[in-house]
2 protein chains.
Amino acid sequence: MADRTRARSEAETRVEGLLAVLRTRGHRVTTPRRLLLRSLVEVGGHRTAEELAAAVQAEAPDVHLSTIYRNLDELEQLGVIEHAHLGHGAAAYQLTEDPHSHLVCAGCGATLEVPDTLFHPLVQRALADYSFHVDPHHDALVGRCEDCAAEQ
Amino acid sequence: MADRTRARSEAETRVEGLLAVLRTRGHRVTTPRRLLLRSLVEVGGHRTAEELAAAVQAEAPDVHLSTIYRNLDELEQLGVIEHAHLGHGAAAYQLTEDPHSHLVCAGCGATLEVPDTLFHPLVQRALADYSFHVDPHHDALVGRCEDCAAEQ
DNA sequence: GTTCTTGCAAAAGCTTTGCAGGAAG
DNA sequence: CTTCCTGCAAAGCTTTTGCAAGAAC
């Protein structure tokens with residue numbers, strides 16, 4: 001229980017810190033925003049707008065999907081979160097802190113989170129050869145995982 | 001004129017070769033399919049379904065967008081083409097021959113075509129470290145071009 | 001003649017937008 | 001009290017699907 005208590009207050013501390021960013025920049029602190037940030041902090045990884053809406057609605061059922069989208073946009077403009085396109089379906093959102101990139105298997109749909117260091121050689125070569133600054137989080141790399149590659 | 005004639009017949013030869021793939025695998029050769037392949041060969045690079053539809057409709061106005069999508073799916077399953085998600089909007093399709101990858105600027109939307117060699121270190125490390133086979137064509141890398149990066 | 005394709009229309013999935021009421025500061 | 005946010009409904013864009021008529025083989 002001590003663990004859970006500590007974990008919860010740690011999460012709340014992070015949420016408060018992120019809310020402070022909103023306040024500082026003249027945005028208002030509302031229930032949907034607080035719950036959305038809490039969901040993002042608690043899940044850690046990446047989630048679709050719909051998944052985040054479900055998490056928020058567990059506490060405040062009336063929060064509308066469009067509110068989630070508007071707040072995700074806003075938080076992204078503030079640099080608090082960013083979104084990536086994982087394969088086909090919906091976009092995935094994650095906190096900018098603890099950044100990671102994604103590998104998505106085209107066969108089974110499995111998602112691998114990988115450290116950004118994997119992209120470093122590519123980022124440097126893109127900059128050197130094309131003067132292009134790659135943001136490795138925005139899109140997943142698509143391919144085949146070990147099992148699905150073996151099937152072929 | 002000699003150039004244009006030769007270019008056209010070269011393109012037609014490639015189209016016929018691709019149609020032969022269809023025939024060999026038991027698929028039928030139809031006007032929309034021929035025109036779609038011709039458009040893909042002629043533009044060389046990547047195009048959205050809507051752009052390809054426009055090109056096809058220049059010759060056969062009744063060809064429907066849904067037919068374009070169905071044929072793109074079919075050609076992709078045959079391995080003749082593949083699609084990539086460039087930033088947000090619609091998917092981009094290209095012939096599998098002469099493969100290249102994409103860098104998309106999040107600021108101005110410009111698209112850079114880059115050789116696959118740029119991805120080789122990453123592909124090798126993904127395989128070595130995660131047993132994951134990356135297909136670098138499926139998604140564009142998003143970032144900022146020189147000009148847009150300078151603005152910040 | 002049989003099977004595969006097509007055109008059309010409708011719908012699906014994700015996301016954005018207009019608006020009027022309500023909450024935050 | 002003023003401005004910003006929200007919920008709702010409706011629409012937007014890309015893509016998919018059902019179906020009956022028509023084309024390819």
Side-chain angles (χ1 to χ4, degrees), chain A residues 16 19-37 46-54 56-57 59-78 80-93 104 109 138-140, chain B residues 16 19-37 46-54 56-57 59-78 80-93 104 109 138-140:
Chain A
E16 287 308 320
L19 288 173
V21 176
L22 290 185
R23 268 186 278 254
T24 304
R25 307 264 212 115
H27 297 228
R28 294 179 180 173
V29 173
T30 65
T31 302
R33 286 180 184 170
R34 173 172 265 114
L35 291 175
L36 177 57
L37 285 171
H46 52 275
R47 293 293 134 122
T48 65
E50 199 134 18
E51 289 166 344
L52 291 166
V56 168
Q57 285 161 359
E59 307 241 340
D62 283 352
V63 173
H64 201 272
L65 229 198
S66 66
T67 300
I68 300 292
Y69 275 110
R70 279 191 278 232
N71 285 336
L72 288 171
D73 281 357
E74 181 203 31
L75 291 171
E76 186 153 33
Q77 289 196 357
L78 292 176
V80 172
I81 64 174
E82 59 188 1
H83 78 276
H85 298 286
L86 271 48
H88 290 192
Y93 296 82
V104 177
H138 189 86
D139 276 292
Chain B
E16 287 307 321
L19 288 173
V21 176
L22 289 185
R23 268 186 277 255
T24 305
R25 307 265 212 113
H27 298 228
R28 293 179 181 174
V29 172
T30 65
T31 302
R33 286 180 184 170
R34 174 174 265 115
L35 292 175
L36 177 56
L37 285 171
H46 52 274
R47 294 292 133 122
T48 65
E50 199 134 17
E51 289 166 344
L52 291 166
V56 168
Q57 285 160 359
E59 305 243 340
D62 283 353
V63 173
H64 200 273
L65 229 199
S66 66
T67 301
I68 300 292
Y69 275 109
R70 280 191 278 232
N71 285 337
L72 288 171
D73 281 357
E74 182 203 30
L75 291 171
E76 186 153 33
Q77 290 195 358
L78 292 176
V80 172
I81 64 174
E82 60 188 359
H83 77 276
H85 299 286
L86 272 49
H88 289 193
Y93 295 82
V104 178
H138 190 85
D139 277 291

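By convention in this document, chain letters (A, B, ...) are assigned in the order of the sequence lines, proteins followed by strands, and residues within each chain are numbered from 1.
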For nucleotides 15-25 of chain D, 5' to 3', base contacts (B), sugar-phosphate-only contacts (S) and non-contacts (-) with protein non-hydrogen atoms under 4.0 Å give BBBB----BBS
Between CZ of A:R34 and P of D:dT6 the distance, given in whole Å, is 13 Å
In whole angstroms, the gap separating C1' of D:dA9 from CG of A:D62 amounts to 15 Å
**Report entry** Evaluation steps, side chain to side chain contact (heavy atoms under 4.5 Å, CB included), between B:L37 and B:V80
**Finding:** CA-CA 10 Å; B:L37 285 171; B:V80 172; 4.3 Å; yes
When rounded to the nearest 0.5 Å, the distance separating OH of B:Y69 from NE2 of B:H64 is 11.5 Å
Note: chain A reaches DNA chain C at heavy-atom distances under 4.0 Å over the stretch, first to last nt, 5' to 3', of C:dC14 to C:dG25
note: A:L35, atom CG; D:dC5, atom P; distance rounded to Å ~ 16 Å
Residues pairing under salt bridge (Lys or Arg N to Asp or Glu O under 4.0 Å) where one sits in residues 23-36 of chain A, two or more places apart or in two chains, turn out to be A:E16-A:R23, A:E16-A:R34, A:R33-A:E74
Q: For the residue pair A:L36 and A:L75, establish whether any side-chain heavy-atom pair is separated by less than 4.5 Å.
A: yes
Across all chains, not counting sequence neighbours, the salt bridge (Lys or Arg N to Asp or Glu O under 4.0 Å) partners of B:E76 are none
One would report the end-axis bend of the helix from C:dG1-D:dC25 to C:dG25-D:dC1, five pairs per end and rounded to 10 degrees, as 30°
Those residues at least two apart in sequence (or on a different chain) that pass ring pair (Phe, Tyr, Trp, His ring centres under 6.0 Å) with B:H83 are A:H88, B:H85, B:Y93, B:H138
Between the CG atom in B:L72 and the CD1 atom in B:I81, the distance rounded to the nearest 0.5 Å is 4.5 Å
Correct closest heavy-atom pair for A:P32 and A:N71 would be CB-ND2, 4.0 Å
